[in-house]
A.B. asks: 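Sending over a structure as structure tokens; questions will come in a sec.
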Amino acid sequence: MIVNSLKKFCRVVLPLCSHKSLSTNVLIRQTPAMETHFIGHSRSSSTSLTHRKLVRNGEEKKSVIWLEGNIASGKTTCLEYFSKTSDIEVLTEPVSKWRNVKGCNPLGLMYQDPTRWGLTLQTYVQLTMLDRHVSPMSQPIRMLERSIYSAKYIFVENLFKSGKMPEVDFAVLSEWFEWIIKNIAIPVDLIVYLQTSPQTCYERLKQRCREEEKVIPLEYLESIHNLYEDWLIHQKSFEVPAPVLVIPADHDLKKMLHKYEENREKILKVHCS
Ligand SMILES: Nc1ncnc2c1ncn2[C@@H]1O[C@H](COP(=O)(O)OP(=O)(O)O)[C@@H](O)[C@H]1O
Ligand SMILES: Nc1ccn([C@H]2C[C@H](O)[C@@H](COP(=O)(O)O)O2)c(=O)n1
């Protein structure tokens, strides 16, 4: 019955979108260490629904950029910076929902007991991120904090690989994820990866002092970091659905704001290409 409802939903949503595939091959341009660089888009995927531009019945083309990075790498701060630009809409992760769904806190529960609550949180993350991905765009460019892809390839994967998610929970989440990306258009034109050291994130996490995250050890951030590097830098773990722009992000705030400005054109060029 759920599958039928989703199929019905797709019949409504999918006609709003047209899919345009990129024909680029893997291209890694070598640059000096710590410089911003692009990593080309690999079409290793088995799905034909990757990399697409959202076109709504003859309206102008819209572009979607995902901002990816470790916990407390500075994604929200970066989005805040770009939110001041006209023509860009910024969607942050719905963390407030993850902390409060009908008075319950799945994020907090997950950190307290990942084996029991990992599935609960990640099911909700999957739903709320999907809602973000298919919501109508109000501007020509959308910058979205993370994605349904990183939820699965980084966070669910980490729970499972570290032995904290039962096999059956992982199997159910995986089937849901595969069904979603096969049947629902998830637009993306560019992935911006804020590349930080786990140590930097650890310090920023402590400084941010989110109650639920007080239990996070450095090793957790190291695991998330390694999964991100394998996915977006080495491109050896999972499908990468768009080209990747890597921005080294260990610098202080002032330098980072400067770097965002330096990269503005590269990021926004995606809309003209
Ligand atoms: N370049 C930076 N240098 C130092 N602190 C930073 C920098 N960028 C962000 N912060 C701080 O680090 C914490 C995490 O940043 P945030 O943007 O919330 O990360 P994320 O959204 O990736 O979790 C916040 O307290 C923020 O003010
Ligand atoms: N699929 C996900 C996505 C995020 N989280 C956690 C990680 C953080 O504690 C919090 C928000 O992340 P941030 O924006 O601060 O990087 O949500 C998760 O467990 N699973």
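One-based numbering along the sequence shown. Both counts, for ligands and for their atoms, begin at 1 and track the order of listing. What's counted below: heavy atoms across the whole structure, side chains too, no hydrogens, waters or symmetry copies.
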A.B. asks: If you measure from each heavy atom of Lys152 to ligand 2, is any distance below 4.0 Å?
C.D. replies: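 No, that is not the case, since the closest heavy atom of the residue is not under 4.0 Å from the ligand.
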A.B. asks: Heavy-atom distances under 4.0 Å are what count here, so tell me which part of Met256 touches ligand 1: side chain, backbone, both or neither.
C.D. replies: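 It is the side chain that touches ligand 1; the backbone stays farther off.
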A.B. asks: Has ligand 1 got any nitrogen or oxygen that is less than 3.5 angstrom from a nitrogen or oxygen of Gly74?
C.D. replies: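 N/O-N/O distance under 3.5 Å: yes.
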A.B. asks: Answer with side chain, backbone, both or neither: which part of Leu253 has a heavy atom less than 4.0 angstrom from an atom of ligand 1?
C.D. replies: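 It is both parts that get close, each with some atom under 4.0 Å.
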A.B. asks: Return the closest protein heavy atom for atom 4 (C) of ligand 1 as residue, atom name and distance.
C.D. replies: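 Answer, as residue, atom name and distance: Arg204 NE, 3.7 Å.
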A.B. asks: If only side-chain N and O atoms count, and only distance matters, is there a donor-acceptor pair under 3.5 Å linking Thr92 with Lys75?
C.D. replies: no
A.B. asks: With a cut-off of 4.0 Å, which atoms of ligand 1 are near a heavy atom of Asp252?
C.D. replies: 1 (N), 3 (N)
A.B. asks: How close does the nearest protein non-hydrogen atom get to atom 1 (N) of ligand 2, and which residue and atom is it?
C.D. replies: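 Here the closest protein heavy atom is Gln122 OE1, 3.1 Å.
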A.B. asks: Out of Leu67, Ile141, Val192, which residue meets the side chain to side chain contact (heavy atoms under 4.5 Å, CB included) rule with Ile267?
C.D. replies: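 That would be Val192; it is the only one of Leu67, Ile141, Val192 passing the side chain to side chain contact (heavy atoms under 4.5 Å, CB included) with Ile267.
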A.B. asks: With nothing but distance in play, are any N or O atoms of Arg208 less than 3.5 Å from an N or O of ligand 2?
C.D. replies: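 Looking only at distances, the answer is yes, because the N/O contact criterion of under 3.5 Å is met.
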A.B. asks: Which residue and non-hydrogen atom of the protein lie closest to atom 9 (C) of ligand 1, and at what distance in Å?
C.D. replies: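 Checked against all protein heavy atoms, atom 9 (C) of ligand 1 sits closest to Thr77 OG1, 3.3 Å.
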A.B. asks: Does the side chain of Arg264 come under 3.5 Å of the side chain of Thr85 through a donor N or O and an acceptor N or O?
C.D. replies: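 A pair is found: one side chain offers a donor N or O, the other an acceptor, under 3.5 Å apart.
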A.B. asks: Give the numbers and elements of all ligand 1 atoms closer than 4.0 Å to a heavy atom of Ala72.
C.D. replies: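 Close to Ala72: 14 (C), 19 (O), 20 (P), 22 (O), 23 (O).
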A.B. asks: Return the closest protein heavy atom for atom 27 (O) of ligand 1 as residue, atom name and distance.
C.D. replies: Gln207 NE2, 4.0 Å
A.B. asks: Need the ligand 1 atom indices (1-based, order shown) with element for anything under 4.0 Å from a heavy-atom of Glu145.
C.D. replies: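 Taking each heavy atom of Glu145 in turn, ligand 1 has 21 (O) under 4.0 Å.
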A.B. asks: Just to confirm my output: which protein heavy-atom neighbour is closest to atom 23 (O) of ligand 1, and how far is it?
C.D. replies: Arg208 NH1, 2.7 Å
A.B. asks: Tell me the protein heavy atom at minimum distance from atom 21 (O) of ligand 1, and give that distance in Å.
C.D. replies: Thr76 OG1, 2.5 Å
A.B. asks: Counting only N and O atoms by type, is there a donor-acceptor contact under 3.5 Å from the side chain of Asp250 to the main-chain atoms of Ser197?
C.D. replies: yes
A.B. asks: Please write down residue, atom name and distance for the protein heavy atom closest to atom 10 (C) of ligand 2.
C.D. replies: Glu213 OE2, 3.6 Å
